[in-house]
Amino acid sequence: MAKQSQATWGGRFSSAPAELMLRFSESVSFDARLAPFDIAGSKAHSAMLAHVGLITEAERDAIHRGLAEIEREIGEGRFTWSMQLEDVHMNIEQALTRRVAAAAKLHTARSRNDQVATDMRLWFKHACGTLSEKLRGAQRALLAMAEREGSVLIPGYTHLQRAQPVPLAHHLLAWMEMLNRDVHRFEAVHDQANWCPLGSGAIAGTTLPIDREFTARALGFVDERGRARVTQNSMDTVADRDVFIAFATACATAGVHFSRIAEDLILWSSVEFKFIELPDAFCTGSSLMPQKKNPDSCELLRGKSARLQGNLHTLLTLVKGLPLTYNRDLQEDKPPVFDSYDQMAICADVLAGTLEGTQVNRHRCEEAVRDPLLLATDLADYLVMQGVPFREAHHAVGAVVKLAEVNNVRLDQLSTESVREVHPKFGNDWAQVFDLKRAMAMRKGTGMPGPAQVKKQLVRWRRTLTP
Ligand code: ARG
């Protein structure tokens, strides 16, 4: 007789899979990390089976004891994972079978298809919680930097050309808003994951009298009022990978934010700007050029965003064109989301660490922001306040800028007579516009960079981010 398969599905087979096939098809090398969620799922499922009378309470208790023991062994690194058993689900079930006779009843009214969907939804809820916390950590580092150094003014840029002055805090709080949307995105993914697949079976549920709501409640798949949330179509449940895509999207978007933040930091740390000094602990040197200090943490944050986008693309391509319902292709759904999670987690920590150690070169910032051209728009606003239509004011200030350029003087050094020749509405007080403090104080509206506004925003963030 041919060798029997060790797998749980071996009954209809006369020979075991080829060694090559096992190596090709196993997933335990990457899905073993689902063990705590798989065990939680099995505990809830067996509790439900006992609740409806499909197993006895003694059988349930034996299963629970066995699972707890296995969980302990896994936690302590004493568990032997076997590639022959394909995946995390079969490894755990087989280990349980070796210790507990009742384990043979555990898979009643369950398929690996709804099992893996459940494990992953539990994992996503956990992953979103962890990443939100890590993003909060990066936000706290950002807030600390804004409170510490934020009052200094820097030029804000459009097209990477100097545009208008802003307090450094205003720029940092722009990053804060980006990261906050990421936190909300992970919270939304958490909510999307919060539906229990168990009971969908392989594709068409089960003939057995199970209680899906019981299992859902036991696993915490509940709404804000504690009511069970169970998926509504068994075929969709085992085919659906939308949460994977939503999670990878959240990671890719946060990755893009990290990348843009990193790019600003890289620019600011260059000799050409020198607004900041990045911490040595997050930079490296050159093997050839002794003078170099390279902003590697920021460059890697920028680079990792490519990888996060790649993972999203992998998932979209994986499900595109797949017929309903489960297909083994879907096993490939896990490496990209696990990778996105791992990279996101470390990126958030690295961003926080980099910001914590960043020093601001106030002198260089002040020097850069002293350029009166940054207030050319304010000069146009001045004319508007004298009743000049904005288009006309814009044109007149353009002519004044040109005049300064031609005469090779700073904009604020032009004589009142010469600017009045350009436009008669320039009064004796025209040069007051170049008082930076005054210019900033005039920006009072919500979302603007005036000191009162920025202070209000800092207070708001302090409140939001204080646990
Ligand atoms: N390891 C599998 C996966 O991750 C578990 C589900 C297997 N289901 C099946 N019908 N072969 O997709």
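For ligands, and for the atoms within them, numbers begin at 1 and follow the listed sequence. Quick note: numbers below take in every heavy atom, side chains included, and nothing from hydrogens, waters or symmetry partners.
Between R227 and E213, no side-chain nitrogen of the basic residue sits less than 4.0 Å from a carboxylate oxygen of the acidic one, so the salt-bridge criterion is not met.
By the 30° and 60° cut-offs, the orientation of the rings of F247 relative to F124 is tilted.
By the 6.0 Å and 45° rule, K125 stacks over the aromatic ring of F221.
The ring-ring contact (aromatic ring centres under 6.0 Å, His included) check on Y157 picks up F273, with sequence neighbours excluded.
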If you apply the rule side-chain hydrogen bond (donor to acceptor under 3.5 Å, both in side chains), what do you find for S340 with Q343, and how did you get there?
CA-CA 5 Å; S340 285; Q343 294 307 317; over 6 Å; no
As a quick check of understanding, evaluate salt bridge (Lys or Arg N to Asp or Glu O under 4.0 Å) for K304 and D339, giving each step before the final call.
CA-CA 11 Å; K304 299 275 190 191; D339 185 60; over 6 Å; no
Return a table of N or O atom pairs, ligand 1 on one side and protein on the other, at distances under 3.5 Å, rounded to 0.1 Å.
residue, atom, partner, partner atom, Å
ligand 1, 1 (N), S27, OG, 3.3
ligand 1, 1 (N), D87, OD2, 3.0
ligand 1, 1 (N), Q331, OE1, 2.9
ligand 1, 4 (O), K334, NZ, 2.7
ligand 1, 8 (N), N113, OD1, 3.0
ligand 1, 10 (N), N113, OD1, 3.1
ligand 1, 12 (O), Y326, OH, 2.4

